[in-house]
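Scroll down for the structure; my scribbles are underneath it.
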Amino acid sequence: MEELKDVTVLFKTSIVEHFGEALLNSLCNLNSMDDYQNLDISLVYNLLRNVCKNVTPPKRGWGYEPSADDVSLGADIERIRSMWNRYCDGETEFLYLREIFVRMVDRYGNISDLVKFEDTGRTKILSFEINPECQDKGGVVLTKALKAVLDILEQEYRVVVKGAVGTGKSTCLKYIDRHYRRNQWEVRRKVGNITQSDVYVPVDETRKLVCCDDLFGVYNRGDFARTAEIITALENIEQKVNQNMKVVLAIHDHVYEELQKSHSIKVFQNKRNVVDFNELSDAEMLLIFNDQRKNGHCSKNPKCWFLNVGFDSIKDTLKENTGELGNPILTLLYSNLHDTFAQKKDSQDIVKELCSIFQNMLENNPDLFHALLYVMFVETHSLDKNVEEWAFTLGDLTSITVKQSVCHLDAFPFVQADGRRIKIKHELLSFALIKWCASSTRYMPLLLKHCQFQMIEEIIRPISSPNQNEFCVILEEEMYPVLNSRILEETIIVQLKLHPLLESSKFRYSLYLMMKSEPLIRESLVTKKKNHKDKSSTKK
């Protein structure tokens, strides 16, 4: 019954085109097996022809009189349609009728007494090809937005893919990558930034595609020191790219909107080449959800209750989405953590719920929690290598503990592994781990000391920052010395140039006090402070 209701979602447009809204509604309103008898016979035939996977098509194809030696189920269905249409024309004697009846009894038993036949008039059964609104190709749902990217690239040399976190932008880029490689293009993948050397125009006949994911930041806006360089590279795309060079840029909505406030980037201005990934049809979400459920937690437990959850229930839950996250990341979480997100209210603050999961994990399975935290800190961990020396600060973590923990079933929803390396499955999970650490006086210093600095740069903001959003973590003043100590130890102050942290006078002063013995760096801070004051005076 649920499968048939899914059909009404996936084939909705085609069903309405051939049979009208009324017959579509009759499918949507099926509540019991008895309701099948009320379905239009022409609709039933076309569903059997187009949708039912266990019905083998006739050898001659649908819509044609089957050959005498074809005794498949599809051939018998086609014979019944042909006999009915000839009956509508006045014919009363039919060959093979007895043989068809016997084969149907062999297949399904004698159900003739259970079927109520009502002569509703002699209306012929027409044969149509009904098509799904979208399809799954190679494990990727070909959404309207993804097709739009392909279409634009056929005519243009660049396209911008934008959307909320978890809308399928990275999946789109992976599909585009495979598609162009199959067509003999050289493909280069980038994350976070793009340089002028990335978008040089080939002087030979080499066809080159550049795919840059998470432009200006994986979690939030980063690369502040290199913003001007990245923008110059983007402007270079406008000026020099030709038919042998194509560029696909993917960017989060909140990063896009922040940049628009301070920079006019030409490559973003041509709206015809900007594809929004936030809008997904019911048919697209159905296929995405079915694929996620097939490969999610239920794949480890074939008796899981979540296998019986209908798509209507999922749609109702998705209505709680505030728009800060894409529906695909929400259904991915439902498919892997459905016991947590079983209630609609739990979908209103996903990060908060994830933080609760990690808190429970720390209490009940600390080894797994510390393994996840370590993998998030280093981004990718090779299983054939030892953990970093500082890993012992995470509950005496060892390489053996990491291997054992990530192989545990409870790790499945969080870890992506290929047998050699492991990483956190999605940046939203990493962000939730950071958010959890920010609430802990024990773990926040460890994060500031050991987490990959790019992540810190993108997520950490001072309380005075004007561009705070749901993917920011505010750095408390008591943590300033911890971060400043790392900045000085690793000499990465240049990387923080133009970062909002250096707009905070309290943070700058804390850094200044720690580096009195570094006159050149101190001078750069003083100059920055003076320039900031001059800017403020100019504004006034």
Side-chain angles (χ1 to χ4, degrees), residues 1-133 135-136 283 286 290 308 310:
M1 190 96 47
E2 288 299 332
E3 289 182 10
L4 198 52
K5 288 187 177 181
D6 287 353
V7 166
T8 66
V9 175
L10 194 55
F11 292 84
K12 178 179 178 180
T13 301
S14 204
I15 290 174
V16 170
E17 177 186 349
H18 294 299
F19 302 103
E21 288 278 358
L23 292 188
L24 175 70
N25 291 336
S26 68
L27 272 177
C28 296
N29 295 329
L30 289 174
N31 293 311
S32 70
M33 297 299 290
D34 293 337
D35 292 335
Y36 282 107
Q37 294 186 116
N38 300 324
L39 292 177
D40 177 82
I41 188 65
S42 190
L43 176 59
V44 170
Y45 162 81
N46 281 284
L47 290 176
L48 291 169
R49 168 191 162 163
N50 291 277
V51 175
C52 294
K53 297 176 182 177
N54 63 329
V55 177
T56 305
K59 292 178 182 178
R60 290 181 176 174
W62 294 104
Y64 300 95
E65 187 71 33
S67 57
D69 63 339
D70 188 352
V71 293
S72 65
L73 177 58
D76 281 343
I77 290 172
E78 190 57 52
R79 288 188 183 98
I80 292 171
R81 183 186 82 90
S82 175
M83 290 177 188
W84 173 261
N85 288 348
R86 283 182 278 137
Y87 169 73
C88 292
D89 288 333
E91 196 171 329
T92 56
E93 294 185 8
F94 307 101
L95 294 173
Y96 309 120
L97 183 58
R98 179 65 186 172
E99 290 88 338
I100 295 172
F101 179 79
V102 170
R103 285 195 291 269
M104 288 298 186
V105 169
D106 288 342
R107 291 182 181 112
Y108 303 109
N110 191 354
I111 60 170
S112 57
D113 294 337
L114 303 176
V115 178
K116 299 175 182 177
F117 178 78
E118 295 181 19
D119 190 351
T120 56
R122 298 189 179 189
T123 303
K124 288 187 176 182
I125 301 173
L126 301 179
S127 183
F128 299 111
E129 183 176 344
I130 57 177
N131 300 302
E133 293 186 15
Q135 292 177 308
D136 185 311
L286 170 65
N290 284 344
N308 297 317

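- A distance of 9.5 Å separates CG in Leu48 from CG in Leu43, rounded to the nearest 0.5 Å.
- Summarising the geometry, atom CG belonging to Leu47 is positioned 7.5 Å from atom CG belonging to Leu39; distances are rounded to the nearest 0.5 Å.
- A 6.0 Å sphere centred on CD of Glu91 holds more than 12 heavy atoms belonging to other residues, nucleotides or ligands.
- When all heavy atoms of Ser72 and Pro57 are compared, the closest pair comes out as OG-O, 4.3 Å.
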Tabulate below the donor-acceptor pairs under 3.5 Å that side-chain atoms of residues 12-24 make, not counting sequence neighbours, or state none.
unit_1	atom_1	unit_2	atom_2	d
Thr13	OG1	Glu133	OE2	2.8
Ser14	OG	Asn131	N	3.1

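- The main-chain N or O of Thr123 is found under 3.5 Å from a side-chain atom of Trp84 such that the two form a donor-acceptor pair.
- Within the model, atoms CE of Met104 and CG of Leu73 stand 5.0 Å from one another, a figure rounded to the nearest 0.5 Å.
- Here the closest heavy-atom approach between residue Gly63 and residue Tyr45 is recorded as N-OH, 4.0 Å.
- For residues 73-83, every residue pair satisfying the salt bridge (Lys or Arg N to Asp or Glu O under 4.0 Å) rule, not counting sequence neighbours, is listed here: Asp76-Arg79, Asp76-Arg103, Asp76-Arg107, Glu78-Arg81.
- In Glu65, the CD atom is crowded: over 12 heavy atoms of neighbouring residues, nucleotides or ligands sit closer than 6.0 Å.
- More than 12 heavy atoms of other shown residues, nucleotides or ligands fall within 6.0 angstrom of atom CZ in Phe94.
- Asp70 places no side-chain N or O within 3.5 Å of a backbone atom of Ala75 that could act as its donor or acceptor partner.
- With contacts defined as side-chain heavy-atom distances shorter than 4.5 Å, the pair Lys59/Asp69 qualifies.
- Side-chain N or O atoms of Asp6 include none that pairs as donor or acceptor with a backbone N or O of Leu286 at under 3.5 Å.
- Asn46 contributes a side-chain N or O that, together with a main-chain N or O of Phe128, makes up a donor-acceptor pair within less than 3.5 Å.
- Looking at Val105, Asp106, Ile100 one by one, the single match for side-chain contact (heavy atoms from CB on, under 4.5 Å) with Val102 turns out to be Asp106.
- In this structure, CD1 on Ile80 lies 11.0 Å from CZ on Phe101, to the nearest 0.5 angstrom.
- Shortest non-hydrogen contact noted between Ala68 and Tyr96 is CB-OH, 3.9 Å.
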